[in-house]
S.K.: 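Here's a structure for you.
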Amino acid sequence: MGLVFNCVYLARGGGRFFDDLSLDLRERRIGLVGDNGSGKSTLLRLANGLLLPERGEVIANGRHTTQAGRGLHADVGFVFQNPDHQIIFPTVGEEVAFGLIEGGQTAAQARAAAGDLLASHGCAGWIDRAIRDLSEGQKQLVCILAILATEPKILLLDEPFSSLDLPTRLSLSARLARLPQQIVMASHDLDLLHDFDRVIWLEKGQVRADGVPSQVLPDYRAHAAARGALMLESGTA
Ligand SMILES: Nc1ncnc2c1ncn2[C@@H]1O[C@H](COP(=O)(O)OP(=O)(O)OP(=O)(O)O)[C@@H](O)[C@H]1O
Ligand SMILES: [Mg+2]
């Protein structure tokens, strides 16, 4: 179970990016941190089979991601960093019900379950709302709920809370904390990761640090402060 990266090689933008990356991700809560472009989203996309390694292998919940397809996507849910990359349907109800229909429910059952799920997250009456009329944060919430609805065994969350208001962020993170599934979450909000089991700090496609949050997060904060100061000094910020 969990996610295994074995000697993964992947080029991005014409150059070597992940080179011989091996990771065994079995803890229940794993955070990914790192500067923009460090590889967090790329790692999550590899875990979900949206990207395939050029060499090496990625095994998610016992399944090679090369044998992707519906089975893998049912096991491994992925909340995209950008809701517009995730959302397929014109209405909230269709988006949230989609995974349930794929999982075998009838359209009527899926719509009822989607309505219940929305209502339990403070979104009663959203079922027929047009996605195009939602704010960024509202779209982000719909994306999270659409994935939660299918109860995947592994949840990959890419900056899932970046546009959410504080009440929604607090209630959703409390709910996520109670879920039994494995969660791998990329986040620039380090506070969300302080009680995770493990945090991996990526830098230019390499693991710069890997350990418990109390070790990795202070080191990453110190790096961020130093880098920010340098950017300010050199006029790049
Ligand atoms: N579609 C793409 N095609 C080619 N290269 C890409 C693509 N998306 C990202 N990259 C490159 O891959 C590298 C890793 O990007 P990635 O999106 O994984 O970073 P990230 O850590 O998620 O950053 P952020 O904090 O901005 O979300 C970067 O060098 C980026 O330029
Ligand atoms: Mg990213």
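All values derive from a computational prediction rather than experimental measurement. In this chain, numbering begins with 1 at the start of the sequence shown.
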S.K.: For the residue pair Lys139 and Pro83, what are the closest heavy atoms and their distance?
M.R.: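 For Lys139 versus Pro83, the nearest heavy atoms are CB-CB, 3.9 Å.
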
S.K.: Side-chain donor-acceptor pair under 3.5 Å between Asp35 and Ser38, yes or no?
M.R.: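 Result is no, nothing qualifies.
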
S.K.: Anything under 3.5 Å between a donor and an acceptor, one on a side chain of residues 1-15, the other on a protein residue two or more places apart or in another chain? List them.
M.R.:
unit_1, atom_1, unit_2, atom_2, d
Asn6, ND2, Glu57, OE2, 2.8

S.K.: Flag yes if Leu117 and Leu100 sit in one hydrophobic cluster, no otherwise; membership is Ile, Leu, Val, Met, Phe, Trp, Tyr, and two members link when side-chain heavy atoms are under 4.5 Å apart.
M.R.: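 As far as the 4.5 Å side-chain criterion goes, Leu100 and Leu117 are not connected within one cluster.
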
S.K.: So Ile147 and Gln86, do their side chains get closer than 4.5 Å, heavy atoms only?
M.R.: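 Counting from C-beta outward, Gln86 and Ile147 do come under 4.5 Å.
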
S.K.: With sequence neighbours left out, write down each residue that passes side chain to side chain donor-acceptor pair (under 3.5 Å) with Arg26, or none if nothing qualifies.
M.R.: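 Asp24.
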
S.K.: State which residues pass side-chain contact (heavy atoms from CB on, under 4.5 Å) with Asp195; sequence neighbours excluded, sorted by chain then number.
M.R.: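 Expected list: none.
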
S.K.: Before accepting this row, confirm whether a basic side-chain N of the pair Asp128/Arg111 lies closer than 4.0 Å to the acidic partner's carboxylate O.
M.R.: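 Salt bridge flag = yes for Arg111 with Asp128.
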
S.K.: Do you know which two heavy atoms are closest between Val96 and Ala114, and how far apart they sit?
M.R.: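 What the structure gives for the nearest pair is CG1-CB, 3.7 Å.
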
S.K.: Around atom CD of Gln105, are there more than 12 heavy atoms of other residues, nucleotides or ligands at under 6.0 Å?
M.R.: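 Yes, enclosed.
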
S.K.: For His194, does the NE2 atom sit with more than 12 other heavy atoms under 6.0 Å from it, leaving out its own atoms?
M.R.: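 No, NE2 of His194 has 12 or fewer neighbouring heavy atoms, counting only those of other groups under 6.0 Å.
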
S.K.: Quick one: do Val76 and Phe80 end up in the same hydrophobic cluster if we chain Ile, Leu, Val, Met, Phe, Trp and Tyr together by side-chain heavy atoms under 4.5 Å apart?
M.R.: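 Shared cluster, yes.
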
